[in-house]
Amino acid sequence: MTLVQLEYIIAVDTYKSFVMAAEKCFVTQPTLSMQIQKLEASLGVRIFDRSKQPILPTDIGKLIINQARIILKEGNKIKELIIETKDELGGEIKIGIIPTLAPYLLPRVLGSFMEKYPKMKLQVWESTTTEVVQELKLGLLDCGILSTPLEDQELIEHPLFYENFVAYISKQSPLKEKNMVSASDLLNEKLWLLNEGHCMRNQVLNICQKKRLMHPEETLQYNTGSVETLKRMVDTNSGVTILPELSILEFGEDQLERVRYFKSQEPVREISIVVTKNSLKQRAISLLTKEIMSAIPEKFKTNKKKDLIHID
C-alpha cells in the first residue's frame with residue numbers, strides 16, 4: 001500500500017470517474033487503474049463497483065476511502081509543520097467562496113495578500129455553499145468564505161464581518177419617495193432573485209417571503225445566477241432586488257440614489273471563514289483572515305441592532 005495509491009482511490013471517489021481522476025492526478029488512466037488494481041489485490045477486496053456509472057465505491061470501499069482521507073491529511077501535516085517553522089509563508093492554500101461575495105471582497109484582499117506573501121500559492125474557486133461545504137469535507141479545499149451559520153457539526157466557523165442587505169429599486173418605483181424601506185414595502189414590487197442553490201436567495205426570501213405568500217398573484221420572481229444581472233434587470237425594467245452591501249460600494253451617484261437601506265433592525269448576513277475540525281494551514285488562514293479584516297470598512301465589523309438572516 002502506498003500514499004500514491006490512496007490519492008488515486010480518493011480521486012476516483014471524488015470525481016466518480018477513472019478518466020477524470022487520472023486527469024486531476026496528472027497521470028494516464030491506465031496507470032491510475034493499474035495502481036488501484038494493485039491496491040485491491042493487496043487488500044483482497046474490491047474498492048470500486050465498476051459496473052455502475054458513475055463509478056461508486058463498494059461498502060468496504062467506502063470505509064477504506066474514508067480512512068485513506070484521514071491518512072493523507074495526517075501525512076500532509078508533516079509538510080505543514082515545516083512550513084509553519086519558516087519565517088516566510090509558503091505552500092498552497094485552496095479557498096472556496098460564494099459568488100455573491102467573491103467579486104466584491106477578493107479584489108480588496110488578494111492583491112495585497114499576494115504582495116505580502118509572494119511564496120504562497122492561492123487557488124480560489126467560486127461555488128455555492130453546498131459545493132464548498134462538500135469539498136471542505138472531502139479535503140479538496142482548505143477553507144471556505146461563506147455566509148453562516150451553517151449549523152454543521154463537522155465544521156468550525158470563524159465570523160469575520162456582518163454585511164447589510166439593501167434594496168435596489170428601479171427609477172419608476174414608488175419606493176423612490178422613501179428614504180428607508182421595510183419588508184412590507186416590497187410586497188407589491190416585482191422581486192428579482194438568484195437561482196435555486198444560492199444561499200442568498202434563501203436569505204432574501206427569509207427577509208420578505210412570509211408577507212409575499214399573502215399575495216402571491218402580485219409577485220413576479222425572475223431567477224438568475226448573478227448579482228450583476230439582478231442589478232441590470234432593475235436598471236432596465238421595473239421592480240426591486242435585494243443586494244449585499246459590498247456590491248454597492250463602487251456604485252456611481254445615479255445608482256446610489258436608488259439604494260434604500262432597511263429600517264431597524266437592518267437585515268444582515270454573517271460572513272465567516274469556515275474550516276474542518278482537523279484543518280491544516282492555520283497560519284496561512286489566520287493571515288488571510290487578518291488581510292480580509294483590514295480591507296473591510298469598520299461599519300461591517302459589528303452586528304449590533306441588526307437582524308441576522310439565516311440561509312435556510
Quiz prompt | Contact check, side chains of Val132 and Leu141, non-hydrogen atoms, under 4.5 Å | solution = yes

Self-check item: Lys/Arg-Asp/Glu bridge criterion (N-O < 4.0 Å) met for Arg50, Glu40
Solution: yes

Self-check item: Close aromatic pair by centroid cut-off 6.0 Å: Tyr168 and Phe251
Solution: yes

Quiz item: Can we say Lys176 and Glu257 salt-bridge, meaning some charged N sits less than 4.0 Å from an Asp/Glu carboxylate O?
Solution: no

Quiz prompt | Met180 atom CE, over 12 foreign heavy atoms within 6.0 Å | solution = yes

Quiz item: Is the shortest side-chain N to carboxylate O distance from Glu245 to Lys299 below 4.0 Å?
Solution: yes

Quiz item: Counting N and O atoms only, with roles assigned by atom type, does the side chain of Ser286 sit under 3.5 Å from a partner on the main chain of Gln282, one being a donor and the other an acceptor?
Solution: no

Exercise. Go through the steps to decide whether Glu291 and Ser112 satisfy the test side-chain hydrogen bond (donor to acceptor under 3.5 Å, both in side chains), and finish with yes or no.
Key: CA-CA 8 Å; Glu291 201 66 31; Ser112 57; 2.6 Å; yes

Self-check item: NZ/Lys24: more than 12 non-hydrogen atoms of other groups inside 6.0 Å
Solution: no

Quiz item: Taking NZ, NE, NH1 and NH2 as the nitrogens, is one of them in Asp13 or Arg69 under 4.0 Å from a carboxylate oxygen of the other?
Solution: yes

Exercise. Could you tell me whether the side chains of Gln203 and Ser147 share a donor-acceptor contact shorter than 3.5 Å?
Key: yes

Quiz item: Are the side chains of Val12 and Leu32 in touch, meaning some heavy atoms are under 4.5 Å apart?
Solution: yes

Quiz prompt | Joint hydrophobic cluster, Tyr162 plus Leu105, side-chain heavy atoms closer than 4.5 Å | solution = no

Quiz item: What do you reckon, is CD of Glu250 surrounded by more than 12 foreign heavy atoms closer than 6.0 Å?
Solution: no

Quiz item: In terms of heavy-atom contacts, does NZ of Lys301 have more than 12 from other residues, nucleotides or ligands at under 6.0 Å?
Solution: yes

Quiz item: Has Lys137 got more than 12 heavy atoms of other residues, nucleotides or ligands less than 6.0 Å from its NZ?
Solution: yes

Quiz item: Take atom CD in Gln153; do more than 12 heavy atoms of anything else shown fall under 6.0 Å from it?
Solution: no

Quiz prompt | Salt-bridge present (Lys281, Asp142; N to O < 4.0 Å) | solution = yes

Practice problem: Determine, for Asp235 against Arg258, whether the closest basic-nitrogen to carboxylate-oxygen distance falls under 4.0 angstrom. | Solution: yes

Quiz item: Is there a donor-acceptor pair closer than 3.5 Å between any side-chain N or O of Glu177 and the backbone N or O of Pro174?
Solution: no

Quiz item: Near Lys38 NZ, under 6.0 Å, is it more than 12 heavy atoms from other residues, nucleotides or ligands?
Solution: no

